Amino acid sequence: MNAERFFTHPLGIVFSAGTAAFLWGSAFPAIKISYEVLEIGPNELSEQILFAGYRFLLASILIFIFLKLTKKTIRLQKQHVLSLSRIGAFQTFIQYILFYIGLSYATGIQGSIIAGTTTFFQILFAHFLYHDDKLTIRKGIGLLLGFSGVIIVNITKGEFILHFGLGEILLLLAMASGGFGNILARNATNSMEVGYITSYEMLFGAIGLILAGLPGAGFVPFHFSGKALWLLVYLAFLSATGYILWNNVMKYNQVGKISVYLFLMPVFGVFLSNIFLNEKLNVFVFIGLFFVTWGIIIVNRQKSVRLEEESTLTV
């Protein structure tokens with residue numbers, strides 16, 4: 001079975017997108033634990049950014065090793081530098097500066113749910129960029145339900161108090177950047193291999209993160225214990241594997257069809273945060289997940305082409 005057949009087969013899509021979502025969902029508690037082990041505080045922004053840079057630098061190295069072992073192309077072509085730099089800027093550099101800072105101010109559960117908004121951003125971007133992937137009334141209702149879930153999950157401590165602060169805003173901006181970066185990566189697959197794209201965009205993004213973090217943190221401000229090293233390796237592994245799988249699924253399928261699988265990421269993140277961070281699952285988290293789930297179902301409902309065309313929103 002070749003790559004296209006695998007990544008377009010229903011089971012291949014579920015396995016690949018589901019695995020990517022699980023890996024990314026596990027990043028939330030892993031990052032929180034890393035902050036604790038390395039004693040990175042919420043106000044130590046340079047250290048957070050530098051740590052992100054080391055993570056993605058290692059992730060790119062892992063992909064280069066994989067490409068070398070499988071005899072794939074690893075030599076950078078001059079004509080691809082600008083395109084790969086743009087992808088790296090949005091998919092890694094901008095997204096993860098905002099993500100790491102935002103996560104330090106939000107709980108693992110809230111951060112996990114907000115991360116699901118990447119789906120909404122990708123569907124919106126697809127509406128403007130692809131003539132066969134327009135935003136419809138059905139998708140609009142799904143988006144509304146999903147965003148309602150994001151708001152509901154931020155009602156904390158079992159009381160009707162809306163908590164939507166700096167951390168949550170930065171996470172939303174991070175997801176918008178990541179969603180746009182995913183679209184750029186998808187477009188680039190028309191002329192480049194997925195592994196080649198992923199390795200270099202991570203490398204370029206990592207260099208930017210390291211350069212941004214160095215002035216305030218120094219080159220090696222961390223004291224890496226065995227546990228800290230394993231966490232760093234795991235975070236690099238989940239990034240490398242997750243993006244390879246996700247970029248392949250995006251390459252062979254419509255954005256609107258595949259993006260919805262990203263809603264699995266906050267679901268995994270919620271329960272993994274409960275297991276590893278002992279964060280409570282209050283009733284509002286489940287209500288929020290219920291809204292998000294219905295958003296997924298509505299977006300994925302199949303209708304006739306004629307009805308879809310009649311209900312297309314003119315945005």
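As the structure is a prediction and not an experimental result, all values here were calculated from the model. Quick note: numbers below take in every heavy atom, side chains included, and nothing from hydrogens, waters or symmetry partners.
- In terms of heavy-atom proximity, M192 sits nearest to S83 at CE-OG, 3.8 Å.
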Side chain to side chain contact (heavy atoms under 4.5 Å, CB included) between E201 and S85, worked out:
CA-CA 6 Å; E201 72 87 2; S85 297; over 6 Å; no
The test is side chain to side chain contact (heavy atoms under 4.5 Å, CB included); show your working for M250 and W246 and say whether it passes.
CA-CA 6 Å; M250 286 277 286; W246 184 253; 3.3 Å; yes
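- For the pair R86 and F180, the cation-pi test (distance below 6.0 Å, angle within 45°) is failed.
- Looking at K72, R75, Q77 one by one, the single match for side chain to side chain contact (heavy atoms under 4.5 Å, CB included) with Y196 turns out to be Q77.
- The six-membered or imidazole ring of Y200 lies near that of F64, with a centre-to-centre distance under 6.0 Å.
- A donor-acceptor pair shorter than 3.5 Å can be found between the side chains of Q122 and S259.
- In this structure, the side chain of R186 does not engage the main chain of K251 through any donor-acceptor pair within 3.5 Å.
- The side chain to side chain contact (heavy atoms under 4.5 Å, CB included) test with I87 singles out one residue from L184, N187, I183, L82, and that residue is L184.
- Between the side chain of N247 and the backbone N or O of I244 there is no donor-acceptor pair closer than 3.5 Å.
- Taking CG of L58 as the start and CZ of F237 as the end, the distance is 11.5 Å to the nearest 0.5 Å.
- Other residues, nucleotides and ligands contribute more than 12 heavy atoms inside 6.0 Å of the CZ atom of F222.
- No side-chain heavy atom of I49 sits under 4.5 Å from any side-chain heavy atom of I210.
- Other residues, nucleotides and ligands place more than 12 heavy atoms under 6.0 Å from the CD atom of Q254.
- Remark: side-chain polar atoms of Q48 are paired, donor with acceptor, to backbone N or O of G41 under 3.5 angstrom.
- Hydrophobic clustering of Ile, Leu, Val, Met, Phe, Trp and Tyr side chains at less than 4.5 Å, counting indirect connections, unites L209 with F224.
- Taking each heavy atom of I197 and L84 in turn, the nearest pair found is CA-CD2, 3.7 Å.
- There is no path of hydrophobic side-chain contacts, each under 4.5 Å, that joins L38 to W230.
- With values rounded to the nearest 0.5 angstrom, N248 atom CG is found 11.5 Å from T8 atom OG1.
- Using a 4.5 Å cut-off on side-chain heavy atoms (C-beta onward), I123 and V255 make no contact.
- Using a 4.5 Å cut-off between side-chain heavy atoms of Ile, Leu, Val, Met, Phe, Trp and Tyr, with links allowed through other members, L144 and I137 fall into different hydrophobic clusters.
- Ring pair W294/F290 is perpendicular by interplanar angle, where above 60° counts as perpendicular and below 30° as parallel.
- Between F56 and Y96, the two ring planes are tilted [angle within 30° to 60°].
- Atoms OG1 and CG, from T19 and L245 in turn, are 6.0 Å apart once rounded to the nearest 0.5 Å.
- Of all heavy-atom pairs spanning A206 and G53, the tightest one is CB-O, 3.5 Å.
- Y243 and N182 form no side-chain donor-acceptor contact under 3.5 Å, judged by distance and modelled atom types alone.
- In this structure the side chain of L76 reaches within 4.5 angstrom of the side chain of F204, judged on heavy atoms.
- T198 has its side chain within reach of M202: a pair of non-hydrogen atoms, C-beta onward, lies under 4.5 Å apart.
- Shortest non-hydrogen contact noted between F28 and S273 is CB-OG, 4.4 Å.
- To the nearest 0.5 angstrom, L23 atom CG is 6.0 Å from L238 atom CG.
- Listed for the Q91 side chain is no donor-acceptor partner under 3.5 Å among the backbone atoms of G88.
- Residues L98 and L211 are members of one and the same hydrophobic cluster, defined by side-chain heavy-atom contacts under 4.5 angstrom among Ile, Leu, Val, Met, Phe, Trp and Tyr.
- Interatomic distance, CD1 of I207 versus OG1 of T92, reported as 11.5 Å (0.5 Å rounding).
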CA sep, side-chain torsions, deciding dist, call: S34, I40, side chain to side chain contact (heavy atoms under 4.5 Å, CB included):
CA-CA 8 Å; S34 297; I40 300 175; over 6 Å; no
Audit row: I33, K227, side chain to side chain contact (heavy atoms under 4.5 Å, CB included) steps and yes/no
CA-CA 10 Å; I33 296 171; K227 183 177 182 180; 4.1 Å; yes
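- Closest non-hydrogen pair, L231 versus A30, comes out as CD2-O, 4.2 Å.
- Residue-environment remark: CZ (F22) stays at or below the threshold of 12 foreign heavy atoms within 6.0 Å.
- For OH of Y234, the number of neighbouring non-hydrogen atoms (other residues, nucleotides, ligands) closer than 6.0 Å is greater than 12.
- Between G218 and P221, the shortest heavy-atom distance links the atoms O-CD, 3.8 Å.
- Among I65, I63, L62, the single residue meeting the side chain to side chain contact (heavy atoms under 4.5 Å, CB included) criterion with S199 is I63.
- Checking I275, N274, L277 one by one against P29, the side chain to side chain contact (heavy atoms under 4.5 Å, CB included) holds for a single residue, L277.
- The shortest distance between side-chain heavy atoms of I31 and L235 falls below 4.5 Å.
- Under the 3.5 Å distance criterion, the side-chain polar atoms of T70 are matched with a main-chain donor or acceptor of L67.
- Criterion: ILVMFWY side-chain heavy atoms under 4.5 Å apart, direct or through other members. Under it, L11 and F6 are not part of a common hydrophobic cluster.
- A distance-only check finds no donor-acceptor pair linking the side chain of S16 to the backbone of I13 [under 3.5 Å].
- Rounding to the nearest 0.5 angstrom, the gap separating the CG atom in L45 from the CG atom in L50 is 12.5 Å.
- Considering only heavy atoms from C-beta on, E39 stays 4.5 Å or farther from E44 through its side chain.
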